[in-house]
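Naming: A, B, ... by sequence-line order, numbering from 1 per chain. Since we're looking at a predicted model, the values are computed, not measured.
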Amino acid sequence: MIQIRFHGRGGQGSVVASNILAAAAFLEEKWVQSFPFFGVERRGAPVTAYTKIDDKPIWDRSEITEPDYVIVLDASLVAVVDVTHGLKENGMVLLNSESKPEDIELGDGFRIATVDATEVAVAHGLGSKSAPIVNSAILGAFSKASGEVDIKSLEASILKMAPAKHKENAAAALEAYEKVQF
Amino acid sequence: MIQIRFHGRGGQGSVVASNILAAAAFLEEKWVQSFPFFGVERRGAPVTAYTKIDDKPIWDRSEITEPDYVIVLDASLVAVVDVTHGLKENGMVLLNSESKPEDIELGDGFRIATVDATEVAVAHGLGSKSAPIVNSAILGAFSKASGEVDIKSLEASILKMAPAKHKENAAAALEAYEKVQF
Amino acid sequence: MAKSVEDLPYIPLMSESSAVNKTGVWRVIRPIVNQEECNQCYTCWKFCPDVAIQIDEEGNILIDYDHCKGCGICEAVCPKNCIEMVKEE
Amino acid sequence: MAKSVEDLPYIPLMSESSAVNKTGVWRVIRPIVNQEECNQCYTCWKFCPDVAIQIDEEGNILIDYDHCKGCGICEAVCPKNCIEMVKEE
Amino acid sequence: MAKLTIPQEELMSSGHIGCLGCGATLAMRYLLKALGKRTMVTIPAGCIAIMSGIYPRSFLKVPLLDVAFETTAASASGIRAALDAKGIKDVYVVGFGGDGGTADIGIQALSGTAERGDNIIYVMYDNEAYMNTGIQRSSATPFGAWTTTTPVGTTGDFKKRPKKNMVEIMVAHDIPYAATASVSYPEDFVKKVQKAKDMDGTKFFHVFSPCPTGWRFSPEMTIQMGVLAYQTTVFPMYEVENGVYRVTKKPAKRKPVTEYLKLQGRFKHLDDETIEIIQKNVDKNWEMLLAKAEFTKKYAE
Amino acid sequence: MAKLTIPQEELMSSGHIGCLGCGATLAMRYLLKALGKRTMVTIPAGCIAIMSGIYPRSFLKVPLLDVAFETTAASASGIRAALDAKGIKDVYVVGFGGDGGTADIGIQALSGTAERGDNIIYVMYDNEAYMNTGIQRSSATPFGAWTTTTPVGTTGDFKKRPKKNMVEIMVAHDIPYAATASVSYPEDFVKKVQKAKDMDGTKFFHVFSPCPTGWRFSPEMTIQMGVLAYQTTVFPMYEVENGVYRVTKKPAKRKPVTEYLKLQGRFKHLDDETIEIIQKNVDKNWEMLLAKAEFTKKYAE
Amino acid sequence: MPMDVMTGNSAQAYGAKLARAEVVAAYPITPQTTVVEKLADLVASGEMKSQYIKVESEHSAMAACIAASATGARAYTATAAHGLALMHEMLIWAAGSRLPIVMGNINRAMAPPWSVWADYQDSIAERDTGWMQFYCQNNQEVLDTVIQAYKVAENHDILLPAMVMEDAFYLSHTFEPVDVPPQKDVDDFLPPYDPPIKLDVDNPVGLWALVPPDHYMEFRFKIAKAMEDSRKVIQEVDEEWEKKFGRSHGGLVERYRMEDADAAIIAAGTMSSTARVAVDNMRDKGKKVGLARLRVFRPFPYEEIRQIAKEVDSIGVLDRSYTFGHGGAFYTETAGALYQAPERPHVKNYVIGIGGRDIPPKEIEGILEKVLSKEDGGEVEWWGLRTSGSREVN
Amino acid sequence: MPMDVMTGNSAQAYGAKLARAEVVAAYPITPQTTVVEKLADLVASGEMKSQYIKVESEHSAMAACIAASATGARAYTATAAHGLALMHEMLIWAAGSRLPIVMGNINRAMAPPWSVWADYQDSIAERDTGWMQFYCQNNQEVLDTVIQAYKVAENHDILLPAMVMEDAFYLSHTFEPVDVPPQKDVDDFLPPYDPPIKLDVDNPVGLWALVPPDHYMEFRFKIAKAMEDSRKVIQEVDEEWEKKFGRSHGGLVERYRMEDADAAIIAAGTMSSTARVAVDNMRDKGKKVGLARLRVFRPFPYEEIRQIAKEVDSIGVLDRSYTFGHGGAFYTETAGALYQAPERPHVKNYVIGIGGRDIPPKEIEGILEKVLSKEDGGEVEWWGLRTSGSREVN
Ligand SMILES: Cc1ncc(C[n+]2csc(CCOP(=O)(O)OP(=O)(O)O)c2C)c(N)n1
Ligand SMILES: Cc1ncc(C[n+]2csc(CCOP(=O)(O)OP(=O)(O)O)c2C)c(N)n1
Ligand code: SF4
Ligand code: SF4
Ligand code: SF4
Ligand code: SF4
Ligand code: SF4
Ligand code: SF4
Ligand SMILES: [Mg+2]
Ligand SMILES: [Mg+2]
């Protein structure tokens with residue numbers, strides 16, 4: 001089973017991202033499960049979501065404590081949330097950041113990938129510079145950096161599930177797929 | 001245990017009568033229990049109430065099916081209710097009626113007493129001819145006819161418990177005590 | 001009469017008219033119509049809360065003593081004063 | 001930190017100020033006051049929903065960045081346009 | 001045979017177990033005359049719920065749904081929704097509740113129904129207290145009245161707050177039609193029902209229904225009690241159609257409230273001073289009503 | 001240092017977890033400024049109930065009682081009764097509920113409290129939907145609005161009934177004081193609270209509290225939104241004291257409603273025709289309000 | 001000998017008065033109505049000093065009691081059937097709040113169909129709310145238990161609400177001897193309510209909070225613990241009462257003629273009152289039967305029940321309610337408690353008196369015969385159900 | 001392989017849509033909200049033809065469903081926690097009315113303190129109302145069970161309402177594969193609602209009545225009987241479903257790896273989903289353990305439970321709720337049912353996951369170890385309770 005944890009802010013679409021990722025893997029005939037951390041967070045507050053992907057039905061419904069991947073939608077969260085908590089040995093953190101992976105300091109024992117999802121999103125008209133909607137972009141990057149889900153499946157899933165601007169979201173994912181660094 | 005059943009009409013005070021009788025017996029250091037037949041009767045509709053009197057605590061809470069006495073507050077009920085139902089062999093029916101006991105036809109096997117409680121009540125200003133409040137008067141008659149409870153206790157109990165016109169009610173009881181025929 | 005469980009429907013539905021309740025037994029005073037004086041204005045019919053006044057084919061007022069409770073409203077509202085309440089025996 | 005049952009009161013009473021919630025971490029844009037231009041009208045103070053603007057002893061406006069969420073209301077209401085919202089790093 | 005002033009058909013049966021001279025039953029009787037057979041009625045707890053007597057009897061000749069005390073309006077909404085789902089359009093749905101079931105425990109459901117604009121007719125028969133349970137105060141109990149929970153006692157503990165004004169509250173809900181009516185004026189009531197019944201939305205009727213048992217007057221006086229309430233304008237007759245007030249019957253000369261109060265046991269403890277307060281309030285309300293009728297006139301379409 | 005226009009003392013704490021630019025919290029902040037320390041507040045479910053964040057934190061510096069969603073007013077009555085029983089007279093008791101908790105599920109308790117005349121202050125902070133649960137329609141949602149339960153869809157299923165008029169409903173309850181207020185006009189709000197707080201009986205405030213999250217506007221616009229609601233008279237500022245209406249702030253020139261509507265995502269589906277309907281209703285309500293103010297003037301003592 | 005004669009509902013009201021309830025919030029419902037009326041009389045006559053809130057529904061009654069109790073006032077209400085059911089959410093609230101409210105409940109059947117008669121579905125359906133439940137067998141017990149209940153509920157180790165049950169009509173409207181103790185003695189017994197935490201402007205805290213999974217369970221455990229501890233306190237308070245007033249009501253389970261019994265019935269309320277007569281009659285015939293009266297159903301007296309299993313071979317559990325889909329609640333919980341007992345008497349459920357069907361002693365004697373004989377015929381029997389083959393029952 | 005991915009709440013809404021619910025009356029509450037929102041979307045998009053009443057409270061939601069169902073329309077609602085509690089009176093009303101309403105309930109903890117997380121007190125506290133109760137373990141089961149529930153409920157021998165439970169967040173907000181069957185197939189499976197009696201102007205009768213003690217008991221018996229009969233119907237409907245749609249959900253009690261088990265746990269909802277992993281892990285270590293999932297709690301599956309007692313030596317009953325004053329309801333009822341069984345395995349109650357505390361497989365493995373060892377230490381254990389001495393649990 002592959003376990004992915006998302007960190008974002010209320011209103012940024014982390015939960016939608018976790019669902020789109022699950023749906024993409026599902027298109028590849030995987031069994032999936034995704035869910036938010038169950039809180040009462042308001043817009044702006046840090047939030048967490050999870051996706052599990054497996055070859056067989058997933059019966060375990062408990063929270064993910066040892067993720068294989070961590071996806072951070074908003075780099076400013078790194079300062080306030082322990083994003084790598086429990087991350088598996090040799091796991092990967094994917095950050096929305098202008099920086100290069102090698103410039104990110106998060107500790108040892110895992111891989112780092114980065115993509116400037118904000119730039120990509122804004123370029124595709126997804127939100128504004130101060131409130132970009134980066135979830136599709138970062139998923140595109142995840143596809144490439146992790147290799148866990150095909151960008152085609154992701155695209156299909158975005159086209160189906162994005163709450164609005166389907167094409168723009170799909171395009172952003174494709175662009176971020178190309179731009180991710182790891 | 002002595003068991004008394006009252007028949008009256010909603011609004012005529014049969015339940016109050018059953019309670020006053022119980023309270024009177026209680027003054028004589030008896031254990032008592034009185035309660036209405038549990039219905040949803042409106043004013044005017046036939047209603048039933050019960051009083052039990054004993055020398056020891058009364059634990060049995062079931063309805064009276066075989067009364068020793070039946071008290072009928074409104075003679076017109078005789079036509080519509082089987083007032084003597086279950087009445088014990090040699091039991092007594094006390095009727096509010098102008099007639100003499102010997103003129104009352106209710107069947108055999110029990111004693112009959114009558115008192116014109118309506119007249120007595122109206123004479124003491126208790127209700128009107130068409131809606132007399134006869135409960136005190138008939139209890140006075142019961143005291144004499146049954147001998148089960150002293151008129152003094154009854155008087156005390158009426159003075160304490162009558163909802164209004166305490167003295168008039170007590171006087172009515174005393175008068176009916178004198179006038180009852182059996 | 002009380003029915004046994006097998007004879008009861010699955011829910012306690014009301015399928016019988018309340019007219020089976022003979023509320024006439026509640027009555028202690030009885031309205032008597034003086035048909036002579038009645039002008040068939042039907043004020044009494046209109047105000048009877050017990051639907052106990054009927055109008056027959058000739059337009060006469062009929063009291064349904066099975067259900068009349070003897071409230072006295074008909075007497076009170078009759079503009080012709082042609083209803084009288086008398087004590088039941 | 002999670003407390004054990006022995007260390008908890010018998011009811012979950014609220015006895016601590018919500019100020020321990022450092023809602024400043026929610027902020028993605030930060031208000032910066034230009035104290036020079038500020039005329040101390042306190043309009044910003046009045047409308048801050050997060051009680052994150054204080055008035056110091058000299059009457060100056062102070063932003064409590066531990067709690068300011070960066071809503072931008074202060075900037076929007078300032079008649080002197082002397083608050084600027086800048087992106088957090 | 002004179003012409004009848006209200007429909008002859010009886011959709012309420014005799015044999016119900018209301019008290020002698022019960023006003024509430026008259027309200028039901030007139031209502032059904034006005035609406036006819038294709039009507040469904042839902043009834044909460046209250047005197048009206050036990051009118052049928054015991055199982056398996058019904059005092060109505062139309063479908064009747066007994067519902068929980070506080071749910072009349074929501075139940076009517078549910079019936080309407082079911083009929084709509086089935087495409088049945090020609091049936092009137094009526095919620096028929098007492099003042100307690102309407103103005104107290106049922107006001108929330110009613111407010112919801114009115115706000116949604118559900119297409120039902122709501123009738124509040126008002127006997128000004130919880131009668132079924134034995135004369136406890138309701139919010140519709142008038143200022144000054146004795147009830148078993150405002151028992152006067154030695155401390156003068158009668159009802160101290162004014163009667164809740166349900167028509168005003170319903171008008172504030174922006175409904176197409178709200179009106180008062182009285183069992184003493186069946187023609188007026190029937191006319192109003194017939195006027196409103198086919199309007200879309202929630203229609204509200206506040207029907208004055210004197211109760212000899214609870215108000216402590218002799219049963220033959222029921223109709224007279226409604227007449228006096230009208231003549232004193234303790235209970236005026238009016239309607240409000242889309243916000244426009246109209247007084248439907250206006251007494252030639254208003255009688256003093258004492259003529260109404262003095263006949264009822266529930267007011268017998270009142271001193272002159274308190275009666276004066278009542279008179280003043282009645283005067284003010286009447287004046288306000290006339291003023292509203294005047295000033296909303298221009299909105300009449 | 002300029003003179004502050006509202007009291008300086010902060011009885012609401014920072015660190016609450018309302019969204020950026022939350023109007024509801026401003027309503028609480030101003031209210032407590034107006035009432036001061038000797039105040040007890042009871043709060044039902046709703047955004048305001050979770051403002052403290054998690055156990056053991058409180059966002060208020062005065063006693064706070066969390067209560068079930070529908071019980072705000074009854075709870076306030078209970079607190080008042082307890083204080084009365086103990087002879088404590090100098091404490092204000094406040095029920096502070098959202099529009100849903102007040103105008104929908106809590107209206108019955110409120111109606112009861114008002115009818116009894118219990119001596120409390122009730123504040124409805126109005127963000128025009130169930131926000132805590134994610135923007136579902138309430139009865140206070142205005143005509144035309146999108147919410148998640150009036151989702152427009154392909155069938156044009158936006159809210160079709162007008163906003164429930166809580167002030168009118170409360171005025172119909174014959175209470176000493178009812179008023180509107182807005183978080184955009186704290187001085188007006190504070191003044192009204194201070195005027196009413198010592199009156200005996202139930203006092204009602206309807207406080208316009210824009211919600212960026214639910215109305216879909218940018219958080220810095222909260223105050224502006226209230227200003228526009230006032231300037232368009234979508235939400236007028238007035239008070240009703242013992243039945244006497246008074247407009248407390250009157251815009252020099254009324255702006256067209258589009259200026260208010262167009263800034264909010266929840267109205268973005270509206271076509272011109274529907275906006276026209278909204279404008280007409282706003283016009284009519286404004287006119288009626290002025291007329292009431294005019295005609296009730298004479299009852300002012 | 002008692003000093004007065006009154007109904008169970010008057011006894012409730014006097015209980016509340018003697019306990020000096022400071023806030024009463026109540027709404028009328030048959031057959032509780034005379035409780036609220038009596039309270040209104042007591043207040044209107046100045047005999048009782050209470051703030052009496054005449055609420056618009058039972059839901060608000062309980063909400064007001066909760067708020068009043070949280071503000072430090074002793075709060076009382078009474079209700080029945082639909083009123084109790086309408087309070088359901090608030091009952092859970094009161095217990096979760098740890099507020100020692102006392103409430104009279106007059107057990108009445110639930111509609112539909114409408115019925116105003118005795119039946120326990122109303123209070124049984126509140127068994128999961130965290131309230132203590134006392135079922136009374138006579139009016140004296142009603143009055144005494146209201147006062148006892150406050151003493152238990154307000155104990156700082158407990159702080160849980162309590163219901164004091166009366167059977168519809170069988171107690172509520174039945175007039176019988178009751179001793180009304182002097183106010184002074186009751187004051188000695190029951191000190192003023194003094195909660196550890198309350199709403200107070202001079203010491204402002206918030207009550208209740210949002211509690212995520214990291215602590216909610218622990219707070220729930222505290223309620224469970226308090227309810228467990230209440231067993232001892234109920235027992236002690238009844239003993240203290242006996243010392244002071246000369247009568248006990250049996251603690252959690254009252255035993256009647258259980259000495260050397262072979263068979264016993266477990267019952268509650270007025271059914272157990274009548275059952276004493278049945279037991280006496282059977283004993284007169286030499287049959288060794290006894291009665292265990294469930295005075296308290298919450299907390300469930302499993303120890304006392306297990307003790308009975310040690311003593312008898314056969315038990316009949318009488319339920320005046322039925323939980324659709326399983327069985328009478330007194331029965332299923334008794335059986336559940338007995339599962340862990342080493343002894344294993346024959347146990348059977350008799351569903352009886354539903355919807356107010358009258359229960360004369362001879363019916364209970366019939367059951368006792370069956371229990372004695374351990375005759376089986378199924379786990380649950382609806383006693384007195386009118387079937388096409390059955391004898392006429394009342 | 002399923003066809004779609006969705007949350008449990010979407011599955012509820014699709015269930016109602018596929019069942020062609022004619023009237024929906026609902027009120028939002030976390031975590032049910034997305035059910036009402038999804039339904040609003042389906043109606044607003046024209047995909048679902050329903051009268052959707054956006055009521056002002058849950059009490060009115062159920063009242064409207066009752067009235068609609070009595071008028072012959074298929075009615076649906078969904079709620080959670082306080083919403084369910086507020087309906088309590090109406091739940092008893094719906095069952096007493098014999099109306100086959102189906103309701104989704106998203107199990108959430110009750111306040112105070114406020115909590116929006118998974119806990120069963122809400123629905124357990126409705127165990128005495130006469131509703132069937134289904135507890136689901138995944139979203140597929142949610143969708144399927146809504147439809148199955150109508151089929152059971154509307155059976156003319158049953159005519160009782162049913163609740164379909166989802167765990168807060170663990171299903172309600174969890175996105176996972178779900179097969180949405182074609183409308184046509186569902187129409188074949190579930191014929192239109194056609195009650196024997198309904199409100200109808202052409203055939204006017206009154207519904208419900210005042211029923212004195214002479215008949216009330218008999219009507220109550222009919223409900224009891226219908227609920228008993230529902231056991232068979234639930235089983236049959238699930239089998240028919242399997243035939244048609246290729247999947248069963250286990251009837252009343254789903255058995256997992258019970259072959260030759262020495263010990264078993266009884267659990268429900270998502271806890272039993274996670275427990276499968278725990279059982280697998282234990283089996284991998286050679287430990288003979290199994291799982292019996294309570295899919296249905298009302299009617300209580302006592303036969304199935306007794307069957308389990310025949311097979312194993314030790315049983316742990318897991319409760320995500322606690323009845324103050326007795327024990328977890330699944331436990332006390334299981335023990336009650338087992339009292340009459342000839343076998344007598346060791347039985348113990350584990351209270352776990354209260355207020356949404358997360359339950360990883362290793363916690364359940366810990367319980368399974370204990371159950372296997374029959375280690376005693378009391379009848380009830382609060383598993384994972386944070387005490388001063390305890391290990392850190394998540
Ligand atoms: C929830 C609930 N609370 C209380 C009752 C008891 N109850 C039944 S009828 C009634 C009074 C009804 O008053 P109203 O609506 O004015 O009708 P009326 O009896 O006066 O005709 C009450 C309090 C009930 N049935 N349900
Ligand atoms: C009985 C009950 N039903 C539903 C809920 C769920 N609920 C909590 S807050 C809320 C909406 C509150 O709306 P409003 O009162 O307008 O306050 P807002 O959240 O908008 O501030 C709802 C529906 C609840 N807590 N209790
Ligand atoms: S007395 Fe009353 S019930 Fe009888 S006919 Fe006249 S009005 Fe009708
Ligand atoms: S009211 Fe009098 S006159 Fe008129 S119809 Fe009746 S009896 Fe005749
Ligand atoms: S940005 Fe918003 S929260 Fe921050 S100080 Fe300005 S008004 Fe307050
Ligand atoms: S609003 Fe602007 S000018 Fe006024 S005090 Fe604030 S910063 Fe200064
Ligand atoms: S109490 Fe009043 S309303 Fe009720 S039946 Fe009797 S007269 Fe009619
Ligand atoms: S949703 Fe609206 S009302 Fe609620 S906290 Fe956010 S901004 Fe405030
Ligand atoms: Mg009434
Ligand atoms: Mg709101």
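When each of G:Met90, G:Arg74, G:Glu89 is scored by its heavy-atom pairs under 4.5 Å with chain F, the top score falls to G:Glu89. By number of non-hydrogen pairs under 4.5 angstrom with chain G, the leading residue of F:Ala109, F:Gly112, F:Ser111, F:Ser58 is F:Ala109. Here F:Ile54 is the residue among F:Thr39, F:Ile54, F:Thr71 with the most heavy-atom pairs under 4.5 Å with chain G. Contact count against chain F (heavy-atom pairs under 4.5 Å) is highest for G:Ser60 among G:Ser50, G:Ser60, G:Ser57. For chain G, the option among F:Val67, F:Asp118, F:Thr113 with the highest count of heavy-atom pairs below 4.5 Å is F:Val67.
Of the two parts of G:Ile66, neither the backbone nor the side chain holds a non-hydrogen atom closer than 4.5 Å to a non-hydrogen atom of chain F. The contact between F:Leu65 and chain G is made by backbone and side chain atoms together, counting heavy-atom distances below 4.5 Å. The contact between G:Asp202 and chain F is made entirely by side chain atoms (from C-beta outward), counting heavy-atom distances below 4.5 Å. Neither the backbone nor the side chain of F:Glu115 comes within contact range of chain G; no heavy atom of the residue lies under 4.5 Å from a heavy atom of that chain. With a 4.5 Å cut-off on non-hydrogen atoms, F:Arg116 touches chain G through its side chain but not through its backbone. With a 4.5 angstrom heavy-atom cutoff, G:Tyr193 does not touch chain F via any of its atoms. With a threshold of 4.5 angstrom between heavy atoms, F:Lys86 approaches chain G through side-chain atoms but not through N, CA, C or O. Residue contact with chain G, scored on non-hydrogen atoms closer than 4.5 Å, involves the side chain of F:Val91 exclusively. With a threshold of 4.5 angstrom between heavy atoms, G:Ala25 does not approach chain F through any atom at all. For chain G, no part of F:Ser52 is nearby; none of its heavy atoms comes within less than 4.5 Å. At a 4.5 Å heavy-atom cutoff, F:Thr72 makes no contact with chain G through either its backbone or its side chain. With a threshold of 4.5 angstrom between heavy atoms, G:Val55 approaches chain F through its backbone and through its side chain.
Scanning both residues, G:Ser69 and G:Leu99, for their nearest heavy atoms gives OG-CB, 3.5 Å.
Of the charged side-chain nitrogens involved, at least one lies within less than 4.0 Å of a carboxylate oxygen, so that G:Asp187 and G:Arg20 count as a salt-bridged pair. Contact check on F:Lys164 versus F:Asp99 returns no salt bridge, with no Lys/Arg side-chain nitrogen under 4.0 Å from an Asp/Glu carboxylate oxygen. With salt bridges taken as basic N to acidic carboxylate O contacts below 4.0 Å, one links F:Asp90 and F:Arg38. Using a 4.0 Å cut-off between a side-chain N of Lys or Arg and a carboxylate O of Asp or Glu, G:Arg298 and G:Glu126 do not qualify as a salt bridge. Classification of F:Glu241 and F:Lys195 as a salt-bridged pair holds, one side-chain N sitting under 4.0 Å from a carboxylate O. Taking a cutoff of 4.0 Å between a charged side-chain nitrogen and a carboxylate oxygen, F:Lys37 and F:Glu9 qualify as a salt bridge.
The backbone N or O of F:Ile120 sits nowhere less than 3.5 Å from a side-chain atom of F:Thr202 that would complete a donor-acceptor pair.
The aromatic ring centres of G:Tyr216 and G:Trp208 sit 6.0 Å or more apart.
Test F:Asp126, F:Val183, F:Leu26 against F:Pro210 for side-chain contact (heavy atoms from CB on, under 4.5 Å) and you get one pass: F:Val183.
Environment of NZ in F:Lys197: crowded, with over 12 heavy atoms of neighbouring residues, nucleotides or ligands closer than 6.0 Å.
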